[in-house]
Amino acid sequence: MAVVIFKAIEDCNSNCLYCKVVKKPRDEVMSLALLETVFMRIGDFLRERPDETLEFTWHGGEACLLGADYFRAARRYQEKHCAGMEKRISHLIQSNMTLLSQDLVDAFKALGINKIGSSFEPLPNIRGFGPERDSDAYNRLFFKGVELAERNNLTWGVIYVVHRRSLGKAKEILRYLVNLNPRSLPQLNKIYLYEEDEFGLDISPEEYADFLGELFPMFWANRKRWGGLQPISTLVNAMEREGGSVCDYSGKCTRKWLYIGPAGKASHCGKGGDYDLISYGNIRDRSIAEILADPLRAPLEARQESLPLGECKDCRFWGICHGGCPLDALATRGDILKASSHCAFIKRFMGEYVEPITGMTVNQRPHANEYERRKEVGIAR
Amino acid sequence: MANILLTQQCVRSCPYCFAKKHMADSEKSATLSWEDLIHIADLFDDTPEKHLSLLGGEPTLHPDFVDYFVYLIGRGYHVSVFTCGILSEKRLDELVAALSTVNPGKYSFVCNLNHPSMSTEAETERIDAFLTKLGKQTALSFNVFTMDFTMDYLFDYIQRYDLRRNLRIGLAHPIPGETNACISPGQFGPMIERLASYIPKCISSGVVAGLDCGFPLCKFTDEQIGKFYKLEHGSQNRSLKFVCNPALDIGPDMKVWSCFPLSRFNKRSLYEFNSVDEVMEYFITFHKETRAKDAGAFAECASCAYRAAERCAGGCLAQSLNHLGMTEVVFGRDA
Amino acid sequence: MNELIPVFAPDAGLSKRLDVEKVVLVFDKLEDTLESGSSHEREQSLHCVIVREARNLDLLTFEGIEHALPIALFVPAVGSIRIAISRAKVYSAFNLRIFLPALPRENLVHARILASLGIEMAVVIPQEEKDLPWDEISDLMHYAVYSPSRKGSIEPFERFVTRGDTQGVTAFGSPWFDDPERFIHIDAQGRLAFSKRDLEEGHFLQTRPEELSNLHQNEEYQGNLKRWQASFLRNSKCSYCAAWSACQGAYIESCSHDPRCEAFFSEMVEALDFRSQNRGRTKIWQS
């Protein structure tokens with residue numbers, strides 16, 4: 001499955017602290033002509049690969065600023081260029097939901113969108129409108145959006161960005177988010193800052209580990225209730241069964257992921273596009289197949305071969321994290337071939353929380369010989 | 001099946017009282033709560049006998065005694081109340097009124113009747129009132145604790161109040177580590193002989209005398225055994241046995257132990273067990289372990305064929321604990 | 001979404017205005033159900049009758065009451081527990097649930113006694129009360145949920161653990177008809193309210209009984225259903241509570257000065273998890 005992170009707009013109606021650190025201009029909106037080109041490229045890609053599917057994630061900025069007509073146009077282009085292949089395209093959307101309207105909901109549904117990924121922040125004045133980040137006004141509109149979504153049978157869930165002000169409040173924050181939407185457990189992601197930490201929000205990987213660690217006893221004691229809590233769930237599943245599903249830890253994003261920005265600029269993923277970490281040219285000029293086969297992706301593959309022989313050679317958590325996100329390695333360590341800065345998080349979270357509490361020991365060291373590695377990978381109680 | 005102690009308080013102070021030590025060690029004001037009573041009723045719900053006994057102290061002193069009594073009957077239990085028969089007028093009237101609509105087959109009273117010389121006039125008056133009103137559902141209980149005992153007065157009472165023709169004969173047992181009025185094992189033979197002398201009176205009065213636990217088989221002559229057997233045979237209430245199956249006593253604090261004389265040994269909370277079988281298994285193990293260390297009340301118990309064949313327990317386990325010098329022991333599953 | 005069931009005192013005129021299949025009829029006295037409650041000449045079928053008695057249970061006789069009539073009998077107290085125990089078989093013979101207020105505390109004990117005798121029971125835990133006996137309520141809940149003994153069920157615990165939503169929120173007060181997604185209360189003037197309390201305090205919905213069948217689409221109704229959002233907008237203590245899914249801020253009066261409230265509702269959530277794999281029986285009209 002190919003994954004398209006699609007940012008037709010980078011502007012947003014909110015002024016969230018952790019987005020504000022991205023300094024690049026945000027005023028561009030993808031033209032309808034270019035939007036049609038995107039769907040034309042998708043049509044070509046899928047036509048040449050009858051067994052392939054494609055996940056199309058509407059990102060932003062705030063995608064709702066595009067307006068319902070924009071989504072209706074997308075549907076028209078999809079019908080035109082991907083006729084007969086619509087079922088192989090699944091649309092998802094990331095939105096803060098504060099601008100949701102019935103018109104937008106109808107347009108989303110016409111595209112097959114039935115789930116909204118959102119974000120929420122219980123702590124005041126971090127997410128919000130205007131220079132003061134009016135979280136109260138933001139939250140009121142958010143709830144209206146929630147109400148509208150639920151009335152239309154659209155499911156929704158939130159990503160919570162763990163930052164400095166969240167530290168020490170893990171249980172509190174989780175309870176709030178679960179109370180807000182008991183049907184969908186939140187995803188607790190670490191804040192990524194690759195530019196100046198203007199507001200002092202950044203946290204170390206170890207602090208992130210401690211944040212999740214505070215929640216781990218509760219997760220482990222009742223997995224029936226908390227089993228879907230990300231990324232803890234992914235890490236524990238990886239510990240028990242090998243292999244992770246979150247992109248950061250999968251080691252398998254090389255030929256699958258594609259970012260398309262408002263001007264058609266192609267990169268590897270959201271992180272790559274937001275921080276201009278890697279460029280695969282422009283969708284105007286290149287087909288999706290060409291972008292996915294870009295030679296710049298080769299080091300990502302090589303990384304999965306080189307790390308087990310080098311930096312990660314003796315790491316018993318290799319099978320869980322696979323060196324972490326390559327784009328993060330590039331941003332923080334200047335070398336895509338290195339392990340991610342997240343390494344410290346994995347080691348601390350697994351070693352100081354997961355292993356002592358579960359009584360399990362992870363032994364998923366890399367081996368040059370894959371067969372031997374697979375034989376030895378496993379969990380020893 | 002089990003004896004529930006509703007309260008630690010008693011209106012009497014009998015010299016042989018085997019609950020004496022337990023009551024002295026317990027919180028006087030402790031009374032069994034409704035919640036605990038319901039738990040007991042739930043736990044014993046599946047036992048085939050569906051029988052519970054209410055004890056004390058004096059169980060009728062519990063402020064909710066009548067309600068508890070009616071409740072257990074409502075739960076389908078047959079309930080026996082062990083009482084000294086000294087109830088206030090108000091309590092007695094309350095009890096009689098509550099029982100007026102209850103099937104008498106669902107309950108019985110066992111009145112522990114000391115020799116009249118041990119009671120004041122006022123006490124005797126209350127006992128008389130009790131037996132007058134509830135005598136038809138009451139059997140008497142008599143405890144042997146001296147060698148010069150007499151039982152004649154019991155037959156008078158049975159006759160006068162038309163009491164049930166069953167007589168429980170208990171043997172006062174020693175309390176390990178304590179002194180109470182009881183018969184020493186060396187006097188068992190003459191004591192049994194004196195008891196047997198009342199058998200003709202029992203027969204002529206139509207009274208079935210049943211021996212409670214702790215009598216050792218070897219201290220009966222074959223003739224005495226035969227007479228007691230004939231007296232009891234066919235009775236629905238007793239059958240002559242010399243073995244000991246742990247009786248369960250449950251205190252107002254929900255502690256459970258096996259028999260008053262052993263109340264300080266292996267006492268546990270009833271809430272630690274999931275079933276009656278579990279409780280029984282626990283105390284049977286305790287009894288077996290103790291008897292493995294000391295065969296019984298007499299030296300010859302160790303080589304006795306009846307003891308080995310488990311036809312006789314060798315007297316009360318309290319005798320063994322006395323031999324072993326045990327006054328405070330906890331052993332068993334959590335030793 | 002289920003059809004809403006109106007709760008109102010018998011009123012033939014009102015019944016005719018309601019386009020619903022089931023109704024709950026409210027009476028003040030048990031004997032009043034003799035005629036209206038058991039009559040089958042109604043516009044709608046009967047979900048159950050509510051009898052809000054001022055008399056204690058021991059003073060009530062059930063003479064002439066139809067055995068099959070589903071009765072939610074609210075009494076202030078048991079009165080003589082001895083009399084109630086002696087009538088246990090009588091109560092059990094009816095399609096009856098007896099509701100006692102959680103105060104005085106003695107009612108909690110009496111609820112347990114009667115349930116242990118096989119009678120379907122409920123304790124009503126008032127939201128407006130500050131000093132609630134949470135420890136005793138918790139104790140009763142443990143008996144109701146965890147004790148394997150044969151007994152009558154005890155609400156609101158039974159419904160919560162058998163019908164509760166492990167992935168969502170559950171209306172704790174549903175057994176006493178305080179559940180706007182299931183019941184709408186109507187007064188003699190035909191005014192609609194979310195609960196008996198709202199009805200008494202004059203918080204009415206601006207709609208008519210005729211609209212009841214479409215109320216789920218009504219914006220005001222929907223808005224009222226979202227009243228819980230206020231806790232999150234205010235960032236109130238409730239929004240951070242581990243037991244939100246069980247209480248939804250309903251017991252804020254008590255919770256604000258007694259931490260045992262949160263502890264109790266957390267235990268309720270655990271009980272739901274415990275029982276979610278092993279859901280038991282509940283009489284249909286009481287579900």
Side-chain angles (χ1 to χ4, degrees), chain A residues 97-98 102 120-128 134-153 155-158 160 166 168-186 215 217-219 221-229, chain C residues 1 160-161 164-172 181 214-252 255 262-263 265-279:
Chain A
M97 295 173 78
T98 60
Q102 189 60 50
F120 196 82
E121 174 59 79
L123 305 177
N125 307 110
I126 289 173
R127 296 184 74 86
D134 182 350
S135 47
D136 196 43
Y138 178 99
N139 291 352
R140 282 178 198 285
L141 288 178
F142 175 81
F143 280 122
K144 281 196 170 173
V146 163
E147 210 176 314
L148 189 64
E150 289 183 350
R151 205 180 299 168
N152 285 277
N153 295 321
T155 58
W156 61 282
V158 299
Y160 179 77
S166 328
K169 301 186 182 87
K171 282 184 184 160
E172 231 176 302
I173 288 168
L174 179 66
R175 275 181 193 155
Y176 185 104
L177 297 172
V178 170
N179 290 343
L180 189 64
N181 184 5
R183 300 211 171 275
S184 176
L185 292 176
L215 304 174
M218 186 177 77
F219 169 90
N222 191 350
R223 284 181 75 180
K224 192 172 180 299
R225 182 169 280 275
W226 301 108
L229 187 64
Chain C
M1 201 171 266
F160 193 92
V161 298
D165 185 350
T166 54
Q167 303 298 319
V169 295
T170 303
F172 189 68
E181 295 206 45
N214 296 316
L215 206 55
H216 283 306
Q217 274 77 53
N218 180 300
E219 216 157 280
E220 188 194 1
Y221 172 81
Q222 286 293 341
N224 264 297
L225 283 183
K226 299 288 177 188
R227 282 194 288 199
W228 59 268
Q229 290 179 350
S231 297
F232 290 83
L233 289 170
R234 286 198 311 268
N235 236 7
S236 81
K237 186 183 167 187
C238 292
S239 57
Y240 292 96
C241 176
W244 166 263
S245 64
C247 157
Q248 294 132 65
Y251 288 91
I252 184 70
C255 195
E262 180 175 351
F265 280 105
S266 298
E267 287 171 6
M268 211 60 252
V269 174
E270 280 171 28
L272 170 60
D273 285 343
F274 172 79
R275 282 277 289 271
S276 61
Q277 295 286 47
N278 182 25
R279 308 222 132 163

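Bear in mind the structure is a predicted one, so any value in this text is a computation, not a measurement. Residue numbers start from 1 in every chain, and the chains themselves are labelled A, B, ... in the order their sequence lines are given, proteins ahead of strands.
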Taking atom [atom1] of [X] and atom [atom2] of [Y], what is their separation to the nearest 0.5 Å?
{"X": "C:Lys226", "Y": "A:Lys144", "atom1": "NZ", "atom2": "NZ", "answer": "13.5 Å"}
{"X": "A:Arg175", "Y": "C:Ser266", "atom1": "CZ", "atom2": "OG", "answer": "7.0 Å"}
{"X": "C:Gln217", "Y": "A:Arg151", "atom1": "CD", "atom2": "CZ", "answer": "9.5 Å"}

Tell me the closest heavy-atom pair linking [X] and [Y], and the distance in Å.
{"X": "C:Gly168", "Y": "A:Pro182", "value": "CA-CB, 3.6 Å"}
{"X": "C:Cys241", "Y": "A:Asn179", "value": "O-ND2, 2.8 Å"}
{"X": "A:Glu147", "Y": "C:Gln229", "value": "OE1-OE1, 4.0 Å"}
{"X": "C:Leu272", "Y": "A:Arg225", "value": "CD2-NH2, 4.4 Å"}
{"X": "C:Ser276", "Y": "A:Lys224", "value": "OG-NZ, 3.4 Å"}
{"X": "C:Asn235", "Y": "A:Pro122", "value": "ND2-O, 3.1 Å"}

Checking heavy atoms, do the side chain of A:Asn181, its backbone, both or neither come under 4.5 Å from chain C?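 Neither; nothing under 4.5 Å.
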For C:Trp244 and A:Val178, what are the C-alpha separation, side-chain angles and deciding distance, and is it a side chain to side chain contact (heavy atoms under 4.5 Å, CB included)? CA-CA 9 Å; C:Trp244 166 263; A:Val178 170; over 6 Å; no
With chain C as the partner, which of A:Ile173, A:Leu180, A:Asp136 has the greatest number of non-hydrogen pairs under 4.5 Å?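 Among the listed options, the one with the most contacts to chain C is A:Leu180.
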For C:Phe232, does its backbone N or O pair with a side-chain atom of A:Asn139 as donor and acceptor, under 3.5 Å?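 Side chain of A:Asn139 to backbone of C:Phe232: no pair is present.
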Which class fits the ring pair C:Tyr240 and A:Tyr176: parallel under 30°, tilted 30 to 60°, perpendicular over 60°?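 The arrangement is tilted - the two ring planes meet at 30° to 60°.
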